[in-house]
Amino acid sequence: MRRDLILLLRRPGAVLNPLAFFALVITLFPIGISPDPELLAIIAPGLLWVAALLAALLSLDGLFREDAEDGALEQLLLAPHPLPALALAKVAVHWLTTGLPLALMAPVLGVMLSLPLGSYGVLALSLALGSATLSVIGAIGAALTVGVSRGGVLLSLLVLPLYVPVLIFGAGAVQAAIAGSGVAAHLALLGALLAAALVFAPWAIAASLRISLNG
């Protein structure tokens with residue numbers, strides 16, 4: 001994790017690009033649709049979640065690709081440490097530098113969409129949980145396409161269907177907060193999805209990396 005964080009600090013564009021994309025989408029949407037506060041408040045939960053999902057997807061293609069190009073990924077496979085644990089560490093760095101900043105930025109952008117004040121905390125918490133699941137699941141697709149030239153489109157086709165449950169429960173949590181109903185069920189389901197992903201996905205990532213590198 002320390003190594004990956006240092007490498008990302010040397011290339012701040014890799015961290016800032018998804019955040020800039022997220023901010024631009026949210027900023028331009030009211031201009032293109034309508035500045036009506038009531039309409040924006042209705043579409044805000046889904047819009048924020050879809051924009052965050054696509055922003056997180058932007059940085060997934062490079063999760064293992066650069067390590068594969070410079071030979072570091074082969075060294076990870078030969079390391080004495082368990083490959084699922086090493087893969088999970090790389091996923092954790094991706095979440096810390098992409099998912100968590102998106103979750104913290106979302107309430108600020110929610111002001112532009114006339115999101116009710118009481119839903120900001122739920123929005124940030126649901127995005128923090130959901131983006132972690134997106135990073136873990138997306139890493140499976142990134143590992144499968146690491147040996148494919150220009151595999152970004154293929155990566156999107158592989159992981160976007162798996163993102164649908166996270167999107168439904170994440171946006172549903174924010175909508176429930178706006179309506180004043182209970183959000184615990186939505187957040188519990190997001191937590192359950194994250195727990196299941198953390199149990200099974202590291203092994204799938206490790207197997208996918210071995211398949212991509214060894215054929």
Side-chain angles (χ1 to χ4, degrees), residues 1-5 7-8 14-15 18-19 22 48-68 72-73 76-77 79 81-106 123-148 151-152 154-173 186-213:
M1 289 180 66
R2 180 175 176 271
R3 168 190 173 273
D4 283 0
L5 286 171
L7 290 176
L8 284 173
V15 177
L19 303 181
F22 184 46
L48 286 164
W49 257 93
V50 170
L53 185 153
L54 295 176
L57 191 62
L58 282 177
S59 58
L60 271 178
D61 187 46
L63 186 58
F64 300 108
R65 189 170 300 279
E66 293 184 1
D67 286 342
L73 194 56
L76 286 180
L77 267 66
H81 309 291
L83 184 56
L86 295 175
L88 190 60
K90 293 185 72 65
V91 173
V93 172
H94 179 267
W95 177 76
L96 287 172
T97 56
T98 302
L100 185 58
L102 288 173
L104 297 176
M105 182 187 292
L123 172 63
L125 181 57
S126 65
L127 271 175
L129 288 172
S131 61
T133 308
L134 299 181
S135 294
V136 176
I137 295 175
I140 302 174
L144 283 171
T145 59
V146 69
V148 180
L154 179 58
L155 171 60
S156 301
L157 293 175
L158 286 173
V159 302
L160 278 177
L162 301 176
Y163 282 180
V164 172
V166 181
L167 176 63
I168 291 172
F169 295 127
H186 297 279
L187 295 177
L189 286 168
L190 285 174
L193 290 173
L194 176 57
L198 289 174
V199 171
F200 297 108
W203 305 97
I205 298 170
S208 300
L209 288 173
R210 291 190 175 98
I211 292 171
S212 296
L213 292 182

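Here the structure is a predicted model, which means the values were calculated and not measured.
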> How about Leu160 and Leu57: do any of their side-chain heavy atoms sit closer than 4.5 Å?
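They are in contact (side-chain heavy atoms under 4.5 Å apart), so the answer is yes.
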> Might you point out which heavy atoms bring Ala132 and Leu194 nearest each other, and give the distance in Å?
CB-CD1, 3.7 Å
> On a heavy-atom basis, which atom in Pro18 and which in Ser59 lie closest, and how many Å separate them?
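Minimum heavy-atom separation between Pro18 and Ser59: CG-CB, 4.0 Å.
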> I'd like to know if the side chain of Trp95 and the backbone of Ala128 have a donor-acceptor N/O pair within less than 3.5 Å.
yes
> What distance do Leu193 atom CG and Leu162 atom CG have between them, rounded to the nearest 0.5 Å?
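Nearest 0.5 Å value for the CG-CG distance: 11.0 Å.
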> Could you tell me the separation between the CG atom of Leu158 and the CD1 atom of Ile140, rounded to the nearest 0.5 Å?
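Separation between the atoms: 10.5 Å.
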> Provide the full list of salt bridge (Lys or Arg N to Asp or Glu O under 4.0 Å) pairs with a residue in residues 95-104, sequence neighbours left out, each pair given once.
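Sorted pair list comes back empty.
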> Please report the shortest heavy-atom distance between Ala173 and Leu187, naming the atom on each side.
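Closest approach of Ala173 to Leu187: CB-CD2, 4.3 Å.
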> Taking the side chain as every heavy atom from C-beta outward, state whether Leu209 and Ile205 have any pair of such atoms under 4.5 Å apart.
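Leu209 reaches Ile205 side chain to side chain.
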> Going through the distances and angles, do Leu198 and Leu88 end up as a side chain to side chain contact (heavy atoms under 4.5 Å, CB included)?
CA-CA 8 Å; Leu198 289 174; Leu88 190 60; 3.9 Å; yes
> Considering only heavy atoms from C-beta outward, does the side chain of Leu54 approach that of Leu58 to under 4.5 Å?
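No, too far: nothing below the 4.5 Å cut-off.
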> Of all heavy-atom pairs between Pro101 and Leu19, which one has the smallest distance, and what is that distance?
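For Pro101 versus Leu19, the nearest heavy atoms are CB-CD2, 3.7 Å.
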> To the nearest 0.5 Å, how far apart are CG in Leu100 and CG in Leu127?
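Those atoms lie 10.5 Å apart.
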> Write down the atom of His94, the atom of Ala56, and the distance for their closest heavy-atom approach.
NE2-O, 3.8 Å
> Measuring from Arg210:CZ to Leu77:CG, what's the distance to the nearest 0.5 Å?
6.0 Å
> In Å, rounded to the nearest 0.5 Å, how long is the span from CZ of Phe22 to CG of Leu102?
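The CG atom of Leu102 is 6.0 Å from CZ of Phe22, to the nearest 0.5 Å.
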> Would you call Ser126 and Leu190 a side-chain contact if the rule is heavy atoms closer than 4.5 Å?
yes
> What's the shortest heavy-atom distance between Ala139 and Val91, and which atoms?
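Where Ala139 meets Val91 most closely, the heavy atoms are CB-CG2, 3.5 Å.
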> Calculate, to the nearest 0.5 Å, the distance between atoms CG and CG belonging to Leu129 and Leu189 respectively.
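The distance works out to 11.0 Å.
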